[in-house]
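The structure under discussion appears below in the form of structure tokens.
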2 protein chains.
Amino acid sequence: MDSARKNHLEARANILKALAHPSRLYIVEELQQGERCVCDFAEQIGADISTISKHLSVLKQAGIVADEKRGNQVFYRLRVPCILNFFGCVESVLEEQAKQHSALLSR
Amino acid sequence: MDSARKNHLEARANILKALAHPSRLYIVEELQQGERCVCDFAEQIGADISTISKHLSVLKQAGIVADEKRGNQVFYRLRVPCILNFFGCVESVLEEQAKQHSALLSR
DNA sequence: TGGCTATTTGGCAATATTGCCAAATAGCCA
DNA sequence: TGGCTATTTGGCAATATTGCCAAATAGCCA
């Protein structure tokens, strides 16, 4: 495998890694409805604000969200709306999992 | 957030986590061309066979691939072909990243 | 300026992931 | 059966991720 391909795979893996956490998925889902400030998430996700902030920074670092400071609040929005479709496929993996498990059970 | 939603987010996050590794992404890309045996990957990815085998088991556990033993080889195939489309979006995140970086540079 | 709110950053302990080596397992063939 | 090939599993050290607390930062308003 050449090093360009390696770099590309690594770049993709980093994006998936950034999405691969329940709180961060929640954030992305919420942002599909429109922009939110950090405080909005703090209530909904039961975690320390500093933890939420770090999750947001992971998503920002990965290029998935953008932030904008207005007054003393910071608003986040999705940079990449297609993330939504993306999940249709994840759902179909979940369905496959279900099939797999019921097949195992019925043996 | 109710516990059903939490479970669902966790299930999705687990699938993304399973995909979020360069070698595993490589495997998924290869499998889009058709089934492969473990030995095929061993050559292409420069890692110990036991490492490859563990990556495959992560993908299998997540419901992304299925395996079948034939003779003394084990063949893997994608359970969920849509994983492919999925990556179109990941690419667009990469493009956003590029924009972001060039914007920063031109400041 | 001082005090308040919102958010980020630093540091750290607990936990999870990765990748290797060695050993186990399973099928094939002589 | 014994030896071979292909693959998986166990174990472990190195590394990465997570989530908290405390402290820093930035904007607002009196």
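Just so it is clear: chains get the letters A, B, ... in the order the sequence lines come, proteins before strands, and each one is counted from 1.
Sorted by first then second residue, the ring pair (Phe, Tyr, Trp, His ring centres under 6.0 Å) pairs that include residues 56-81 of chain B, not counting sequence neighbours, number zero. Contacts classified as salt bridge (charged side-chain N to carboxylate O under 4.0 Å, His left out) and involving residues 1-12 of chain B (residues at least two apart or in different chains) are given here: A/Glu29-B/Arg5, A/Glu29-B/Arg12, A/Glu91-B/Arg12.
Near DNA chain C, meaning a heavy atom under 4.0 Å away, there are no residues from residues 15-25 of chain A. Listed by residue number, the members of residues 50-59 of chain A with any heavy atom below 4.0 angstrom from DNA chain D are A/Ser50, A/Thr51, A/Lys54, A/His55. Residues from residues 33-48 of chain A with heavy atoms under 4.0 angstrom of DNA chain D, sorted by number: A/Ala47, A/Asp48.
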Report all side-chain donor-acceptor pairs from residues 33-40 of chain B shorter than 3.5 Å, counting only partners two or more places apart or in another chain.
{"residue": "B/Glu35", "atom": "OE2", "partner": "B/Arg70", "partner atom": "NH2", "Å": "2.4"}
{"residue": "B/Arg36", "atom": "NE", "partner": "B/Glu30", "partner atom": "OE1", "Å": "3.3"}
{"residue": "B/Asp40", "atom": "OD2", "partner": "B/Cys37", "partner atom": "N", "Å": "3.0"}

Name every donor-acceptor pair, under 3.5 Å, that has one atom in a side chain of residues 41-49 of chain A and the other anywhere in the protein, sequence neighbours excluded.
{"residue": "A/Gln44", "atom": "OE1", "partner": "A/Tyr26", "partner atom": "OH", "Å": "3.2"}
{"residue": "A/Asp48", "atom": "OD1", "partner": "A/Ser50", "partner atom": "N", "Å": "2.9"}
{"residue": "A/Asp48", "atom": "OD1", "partner": "A/Ser50", "partner atom": "OG", "Å": "2.8"}

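Looking at heavy-atom distances under 4.0 Å, B/Tyr76 makes contact with sugar-phosphate atoms alone, never a base.
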Which dot-bracket string describes DNA chain C (Watson-Crick N1-N3 plus N6-O4 or O6-N4, or G-U N1-O2 and O6-N3, all under 3.5 Å; [ ] crossing; | other strand)? ||||||||||||||||||||||||||||||
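Residues meeting the side-chain contact (heavy atoms from CB on, under 4.5 Å) test with A/Ala11, sequence neighbours left out: B/Leu94. The side-chain contact (heavy atoms from CB on, under 4.5 Å) search around B/Lys54 returns none, not counting sequence neighbours. Take B/His21 and apply the side-chain hydrogen bond (donor to acceptor under 3.5 Å, both in side chains) test, not counting sequence neighbours, and it matches no residue.
Within the 4.5 Å cutoff, no side-chain heavy atoms of A/Leu59 are placed close to those of A/Leu31. Residues A/Val80 and A/Ile64 are not in side-chain contact: their nearest non-hydrogen atoms beyond the backbone lie 4.5 Å or more apart.
Contact record, A/Ala62 with A/Ala18: CB-CB, 3.5 Å, taken as the closest heavy-atom pair. Minimum interatomic distance between B/Asp67 and B/Val74 (heavy atoms only, all atoms of both residues): CB-CG1, 3.9 Å.
Summarising the geometry, atom CG belonging to A/Leu16 is positioned 12.0 Å from atom CD1 belonging to B/Ile15; distances are rounded to the nearest 0.5 Å.
Judged by distance alone, with hydrogens and angles left aside, the side-chain atoms of A/Arg79 form no donor-acceptor pair with the main-chain N or O of A/Lys60 at under 3.5 Å.
Cluster annotation: B/Leu78 and B/Leu56 are assigned to the same hydrophobic cluster (Ile/Leu/Val/Met/Phe/Trp/Tyr, side-chain heavy-atom contacts under 4.5 Å, transitive). B/Val28 and B/Ile52 end up in the same hydrophobic cluster when Ile, Leu, Val, Met, Phe, Trp and Tyr side chains are linked at under 4.5 Å.
When DNA chain D is scanned in the 5' to 3' direction for atoms under 4.0 Å from non-hydrogen atoms of chain A, the outermost contacting nucleotides are D/dT17 to D/dC28.
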